[in-house]
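Working notes, beginning with the structure itself.
First listed ligand is number 1; within each ligand, the first listed atom is number 1.
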Amino acid sequence: MKKDTLLSVSELKTYFFMESGAVPSVHGVSFEVKQGETVAIVGESGCGKSVTSLSIMGLVSSPGKIVGGDIRFHGQDLTTISEKEYRKLRGNDLSMIFQEPLTSLNPLFTIGSQLDEVILLHQQVTKEEARQKGIEMLKKVGIPRAEQVYRSYPHQLSGGMRQRVMIAMALACEPKLLIADEPTTALDVTIQAQILQLMRKLVKDNNTAIMLITHDLGVVAEMADTVIVMYAGQVVEQADVFTLFAAPAHPYTQGLLASTPKIQTIEEELQSIEGTVPTQETMPKGCRFFPRCPHASEQCVQNQPSLLKIGGGQLVRCWLFDAKEAASG
Ligand SMILES: Nc1ncnc2c1ncn2[C@@H]1O[C@H](COP(=O)(O)OP(=O)(O)O)[C@@H](O)[C@H]1O
Ligand code: SF4
Ligand SMILES: [Mg+2]
């Protein structure tokens, strides 16, 4: 399998311009996703995971705006392409399963016709074959009475059912990069396992890369090659999945892991560490995590640490790891 870089996000800054001022929801985020790689992004609510995904998809809308950095996909900077070019990418090489899928299905067309359209666009098949594949895909995401659902309109389905249809469509695109933003949170455990298995198959068969946003560290352990931990709009740690679980370096990561005692249990929810993610009003000037950190020192209160390499491919944003270590890493 090729391991070329597919997506490269560099110093991404996405702000929301509110009446009270600019909110830097994504504040200098950098990371890469290689072909066929699954990168998990974890962090509490409000850390900027969804805004990072929407930025990559070109779907940040007013009052939000990308104000800095670049997003390279196949080497092309997506922050400079037209909406028309973006539309061509989305649902082709770039596909996303949304946290809130309600808006993404066209209410005027049946599920079947929307699914057929995607399949015909991406696979060399006849109309009849597309129909069969569509129904097959609906069955694979755990939809009962798939033939009937295939003929239904979106409003005739429950929210959970629509979510599964969206997942079926995203997978049918056979994208180069699938961004899945908490794709299975609302679904029951059996369906969730089925969908994760489908994603794994996509990686195996098509060398699809996945950016998986999840609260579920069990899913991370099962799916991810690389893990990115976000806190208050920044990356605070990045490591391969084994290193992250065996030797988490950032106190925030350590807190996340400690609050999830049984990482094997897929239902286990990430519980928050004492305190909350800072808002724009309470944003510390030094390390953004210091008010909640058991290791905070005066230096942490005064100055922001930068993201440093500490060895292996592990990156950490914390003063406990000084520049000397970074140089030898
Ligand atoms: N539509 C919006 N309007 C204003 N602020 C927003 C909007 N969407 C997100 N934000 C801000 O961006 C921050 C990060 O949000 P988000 O990326 O959705 O977090 P999460 O990590 O939970 O996915 C939020 O705390 C919020 O302040
Ligand atoms: S820089 Fe200081 S406050 Fe921030 S995580 Fe590291 S030890 Fe804690
Ligand atoms: Mg989110």
SB check [X] [Y] (cutoff 4.0 Å):
{"X": "E128", "Y": "R131", "answer": "yes"}
{"X": "E32", "Y": "R72", "answer": "no"}
{"X": "E44", "Y": "R292", "answer": "yes"}

Once you measure the plane-to-plane angle for Y231 and F289, does it fall in the parallel (<30°), tilted (30-60°) or perpendicular (>60°) bin?
perpendicular
Using 30° and 60° as the class boundaries, would you call the ring planes of H250 and Y252 parallel, tilted or perpendicular?
perpendicular
Give the numbers and elements of all ligand 1 atoms closer than 4.0 Å to a heavy atom of [X].
{"X": "M18", "value": "4 (C)"}
{"X": "C47", "value": "19 (O), 20 (P), 21 (O)"}
{"X": "S45", "value": "22 (O)"}

Quick one: which ligand 2 atoms are inside 4.0 Å of a heavy atom on [X]?
{"X": "W319", "value": "1 (S), 6 (Fe)"}
{"X": "A296", "value": "3 (S)"}
{"X": "C293", "value": "3 (S), 5 (S), 7 (S), 8 (Fe)"}
{"X": "L320", "value": "7 (S)"}

[options]: member with heavy atom nearest to [atom]:
{"atom": "atom 7 (C) of ligand 1", "options": "F16, Y15, Y231", "answer": "F16"}
{"atom": "atom 15 (O) of ligand 1", "options": "D181, V51, T14", "answer": "V51"}
{"atom": "atom 7 (S) of ligand 2", "options": "S297, C287, G286, C318", "answer": "C318"}

Closest protein heavy atom to [atom], given as residue, atom name and distance to 0.1 Å:
{"atom": "atom 25 (O) of ligand 1", "result": "G46 O, 3.5 Å"}
{"atom": "atom 26 (C) of ligand 1", "result": "S25 OG, 4.3 Å"}
{"atom": "atom 18 (O) of ligand 1", "result": "S50 CB, 3.6 Å"}
{"atom": "atom 27 (O) of ligand 1", "result": "V23 CG1, 4.1 Å"}

Could you check whether any side-chain N or O of T110 sits under 3.5 Å from a backbone N or O of S152, counting only pairs where one atom can act as donor and the other as acceptor?
no
Within the side chain of R317, is there an N or O that forms a donor-acceptor pair under 3.5 Å with the backbone of V235?
yes
Among Q304, Q299, E298, find the residue that satisfies the side chain to side chain donor-acceptor pair (under 3.5 Å) test when tested with Q302.
E298
Assess C300: does it contribute an N, O or S atom lying under 2.8 Å from atom 2 (Fe) of ligand 2?
yes
Could you walk me through whether V149 and L157 pass side-chain contact (heavy atoms from CB on, under 4.5 Å), step by step?
CA-CA 8 Å; V149 168; L157 305 178; 4.0 Å; yes
Any N/O/S of H250 under 2.8 Å from atom 8 (Fe) of ligand 2?
no
Shared hydrophobic cluster for V141 and M223 (ILVMFWY, side-chain gaps under 4.5 Å):
yes
